[in-house]
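Have a look at the structure below, then the notes.
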Number of protein chains: 2
Amino acid sequence: MAEALTAALLQRGLTVDHAASLDEAEAYMAAVDHAAILLDLGLPDGDGLAWLRRRRASGETRPVLALTARGSVEARVRGLHDGADDYIVKPFDADELHARLLAVLRRQGGYLGVSLTCARLTFDVETRTVRVGETVLTLSTRETELLELLLRRAGNVVPKRVVEDQLFGAGGDQGSKNAVEVYVHRLRKRLDEAGTGARIDTVRGVGYLLRNAA
Amino acid sequence: MAEALTAALLQRGLTVDHAASLDEAEAYMAAVDHAAILLDLGLPDGDGLAWLRRRRASGETRPVLALTARGSVEARVRGLHDGADDYIVKPFDADELHARLLAVLRRQGGYLGVSLTCARLTFDVETRTVRVGETVLTLSTRETELLELLLRRAGNVVPKRVVEDQLFGAGGDQGSKNAVEVYVHRLRKRLDEAGTGARIDTVRGVGYLLRNAA
DNA sequence: GGCCGGCTTACATGTACCTGACGATTGCTG
DNA sequence: CAGCAATCGTCAGGTACATGTAAGCCGGCC
């Protein structure tokens, strides 16, 4: 069931670490700043809710969604009181779990809008912020616009004309305006220095293409 | 059913305003800064989810719990996608609704004595006091408001506009208003002098971001 | 070689932001 | 009520960064 769940969430664009026990989970949680935690209350090595209570008491703030087969009202109330942000009873639908997960993340801040991604890059359309993994990457306005444009067509070539029209007015200016090339250059430099794992390829005579470097 | 629900929540120590229609609800919501909203999707005067989508689009941030008789997975997924923080199917148990409400409030930060933290900083929402480790740090009202705002979205960018709207009225005043910058400056100074280990980053053209300096 | 498209660096201008200071207001105290 | 301190919002001067243009460079292709 964990495998199926992991696959379902990966397919929906999330990154997942899977722990088979509470001990293993603690190891993961110490190492990675996860956005949220799915807690199966049927784990073999101890009471999941007691564990959750302890973690909350010692300052754990990450959202926790409890998964369980025990569907009684009392169980649900207890789970929520013990610090769960949502309580989902098996069997559940992957779409609903995904939706509830997004709702919690949205509330927690960050995942407000749709986010575009490529390699380790994520772009939050709502706040117009770029992240490399967890850390925020600050770009100038123009650089952000360019990156968004490329991200929306990630893996596909974006004609140079389109970039010009989108970044600067559609006004067909003349002369030696190589602004696009300059910004592509600046963006490349930033993506590279930040180790994003994303890269911009040039398609001569046509335009540019954002893709995963690996 | 609304009466029974109101009574049940009052009995559990919460304060409730009851609106019989979306129009009435808007009137209440404009006047009072509610901690959360229970939205019955079966209201006579219009589609509750469409209304929710519109409110979210125009900046409504209060948590919303959707109540409905339609229990299909698709309906639940749509409700959560449209901006609901939880989706509860009738008939439901008052205890569970209460527990889910508390879970959402807890997550939203404050309202329940849970304190917000970042680095060595802690903020008790109940008493509106700021601490650095054990010692209390006294800030002015505006500084406290700003810190709370940043703390609620710690690690995420808070757009400058949001700060303006939250600190001063949403009334779009004009003129040379760099008040936000001034308060950010003052707060930075205080956080720095007190050795909080927290720091405010500037994201040019977007807003500010509170994070652990280390 | 000479042309063409793209790359790279440099630079002048504008804009966003920072920061110290000032008058106005508020609240407290003698 | 006068006097004082803290806080508030505004402003002016300074700084750092973003922007768009230009000029020199590189590599492919006829």
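Every chain is numbered from 1 and lettered A, B, ... according to where its sequence line falls, protein lines coming before strand lines.
In this structure, the CG atom of L139(B) is 10 Å from the P atom of dC8(D), given to the nearest Å. Summarising the geometry, the separation between CG on N178(A) and P on dC4(C) is reported as 17 Å, rounded to the nearest angstrom.
Distances from the side chain of R204(B) to the nucleotides dC17(D), dG6(C), dC18(C) place dC17(D) closest. Residue S140(B) places its side chain closer to dC8(D) than to any other of dC18(C), dG6(C), dC8(D). Of the listed nucleotides (dT19(D), dC17(C), dT19(C)), dC17(C) has the atom at the smallest distance from the side chain of K160(B). With distances taken from any side-chain atom of H185(B) to the nucleotides dC18(C), dT19(C), dT10(D), the minimum falls on dT19(C).
Nucleic acid contact class of K189(A) (heavy atoms, under 4.0 Å, all strands): none. Nucleic acid contact class of R186(A) (heavy atoms, under 4.0 Å, all strands): base. Residue contacts shown for V184(A) are absent, as no nucleic acid heavy atom lies under 4.0 Å away.
Electrostatic pairing of R152(B) and E148(B) counts as a salt bridge here, judged by a charged N lying under 4.0 Å from a carboxylate O.
Side-chain atoms of T196(B) do not come within 3.5 Å of backbone N or O of L121(B) as any donor-acceptor pair.
No hydrogens or angles considered: nothing links the side chains of T135(A) and R211(B) as a donor-acceptor pair under 3.5 Å.
Remark: R128(B) CZ is packed, more than 12 non-hydrogen atoms of other residues, nucleotides or ligands lying under 6.0 Å away.
Between Y183(B) and dG9(D) there is a side-chain N or O to OP1 or OP2 distance below 4.0 Å.
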